[in-house]
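One structure is given below, encoded as structure tokens.
Bear in mind the structure is a predicted one, so any value in this text is a computation, not a measurement.
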Amino acid sequence: MSSGSQEAGPPGVDISRPHSARMYDYYLGGKDNFAIDRETAEITLQSLPTLRVAVRENRKFLARAVSYLAGEVGIRQFLDIGTGLPSANNTHEVAQGIAPDSRIVYADNDPLVLAHARALLTSSPAGRAAYIEADLRAPEKILADPVVCETLDFSQPVALMLLAILHFITDEDDPAGIVATLLAALPPGSYLVASHITSDHDPAGVGGAQRTYRASGVTAQSRTAEEFGRVFFDGLELVPPGITLLSEWRPNETELRPNPAEVNAYGAVGRKPGTAS
């Protein structure tokens, strides 16, 4: 993107306010962001210099979780909400690299993601990848969307992917109810994959980052490990090792792993009880 006063966004994209997806892209070293996103991100990094570590670990967690579901469990359908801007190892790339017939629906509420959705739709011929513009706060609309209904078969298990988005849903928006609504539409044998920022290991740094986001108009709420499990995974069967730091969920044992105060984010995979039809 260009910088300075000549910077302009695609139609429908407000570049006067930061957006979490574009800030995430900036942390990853991407170019799909604007001056306001970069400025807000840099202020955030002053409070939490290790935030880029958390973002990288989140992408690694996504790849390992999808590999587990597609490779070991046999999941062939994924509903990825809050997908963000295209990056390396997107859900469909990982899943279809293991099982080419996998079907994926992406959903996000940033028009800029829609503008780049072609990168998310490079499906293998045997499978399918689709994209809808939607907000996690309206789960009923996501479930009723014709593209979702045409792409996914809700009589068969689905993996609900909520990566680095739940901490943007405050308690006032009933995050537990949102996730429960989505899971209620999925059959037994479906899975929830989620990650979430926490202040358990660096309360000052994460607290400062949260205040920066809120001051810029981006809602944010960190949660403890106990809150993360209780609010989002209640009633689900946690896949070992359960709720843990992103870097500790089925890690590559040959890689050096960051310490907890560098990661500041939990991840977990939970199975909806019962037998799939």
Side-chain angles (χ1 to χ4, degrees), residues 24-25 27-30 45 48-80 82-84 86-102 104 124 157-167 189-203 205-206 209 222-230 232-233 236-273:
Y24 187 95
D25 175 75
Y27 297 137
L28 280 174
L45 289 169
L48 191 62
T50 61
L51 184 52
R52 284 194 170 99
V53 175
V55 169
R56 290 194 297 268
E57 291 300 325
N58 188 66
R59 297 302 297 183
K60 293 178 182 179
F61 168 69
L62 182 152
R64 295 196 303 272
V66 173
S67 295
Y68 165 76
L69 292 173
E72 297 186 37
V73 178
I75 294 295
R76 296 294 179 264
Q77 302 188 107
F78 298 81
L79 176 56
D80 189 332
T83 180
S87 182
N89 291 326
N90 297 296
T91 297
H92 77 284
E93 295 169 325
V94 178
Q96 293 183 348
I98 296 170
D101 59 335
S102 297
I104 296 90
S124 69
V158 176
L160 173 62
M161 311 289 293
L162 299 175
L163 278 295
I165 185 173
L166 293 172
H167 43 246
S190 294
Y191 286 80
L192 169 64
V193 181
S195 61
H196 200 296
I197 290 292
T198 184
S199 59
D200 283 352
H201 307 284
D202 183 3
V206 173
S222 67
R223 293 183 172 92
T224 65
E226 187 277 332
E227 290 170 330
F228 180 48
R230 172 172 48 82
F232 302 113
F233 287 90
L236 300 182
E237 300 168 346
L238 287 171
V239 174
I243 292 170
T244 185
L245 288 166
L246 295 176
S247 52
E248 302 301 318
W249 197 90
R250 299 185 172 229
N252 182 338
E253 296 296 344
T254 63
E255 290 185 358
L256 292 175
R257 299 197 290 279
N259 65 53
E262 291 177 303
V263 180
N264 295 307
Y266 292 120
V269 177
R271 181 183 184 275
K272 186 173 180 177

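- By the 30° and 60° cut-offs, the orientation of the rings of Phe228 relative to His196 is tilted.
- Here Arg271 pairs with Glu237 under the salt bridge (Lys or Arg N to Asp or Glu O under 4.0 Å) rule; sequence neighbours left out.
- Heavy atoms only, all atoms of each residue included: Tyr266 and Asp200 are closest at OH-OD2, 2.6 Å.
- The shortest heavy-atom contact between Val193 and Ala65 is CG1-CB, 3.8 Å.
- Side-chain contact between Asp202 and Leu48 is present, with at least one heavy-atom pair separated by less than 4.5 Å.
- Atom CG in Leu238 sits 6.5 Å away from atom CZ in Phe233 (nearest 0.5 Å).
- Side-chain N or O atoms of Glu227 include one that pairs as donor or acceptor with a backbone N or O of Thr224 at under 3.5 Å.
- Separating the CD1 atom in Ile197 from the CZ atom in Arg223 is a distance of 12.0 Å, to the nearest 0.5 Å.
- To the nearest 0.5 Å, atom CG of residue Leu162 and atom OG1 of residue Thr83 are 11.5 Å apart.
- Among all heavy-atom pairs drawn from Ala194 and Leu166, the shortest one is CB-CD1, 3.8 Å.
- The shortest side-chain heavy-atom distance between Thr198 and Val206 does not fall under the 4.5 Å cut-off.
- Distance alone, capped at 3.5 Å, is enough to place a donor-acceptor pair between the Ser190 side chain and the Val158 backbone.
- The two atoms that bring Arg257 and Ser247 nearest to each other are CD-O, 3.0 Å, heavy atoms only.
- Residues Pro241 and Arg250 form a side-chain contact, since some pair of their non-hydrogen atoms from C-beta on lies under 4.5 Å apart.
- Using a 4.5 Å heavy-atom threshold, the side chains of Phe78 and Gln96 count as separate.
- Between Arg59 and Asn90 there is a side-chain heavy-atom pair separated by less than 4.5 Å.
- Between Tyr24 and Asn58 there is a side-chain heavy-atom pair separated by less than 4.5 Å.
- The nearest pair of heavy atoms linking Pro258 to Val263 is CG-CG2, 3.4 Å.
- The backbone N or O of Ala70 sits less than 3.5 Å from a side-chain atom of Arg76, completing a donor-acceptor pair.
- For the atom pair NE2 (His201) and CD (Glu262), the distance works out to 12.0 Å, reported to the nearest 0.5 Å.
- The two residues Ile243 and Gly229 have their closest heavy-atom pair at CD1-CA, 3.1 Å.
- Only one option out of Gln77, His92, Glu93, Met161 pairs with Ile104 in a side-chain contact (heavy atoms from CB on, under 4.5 Å); it is His92.
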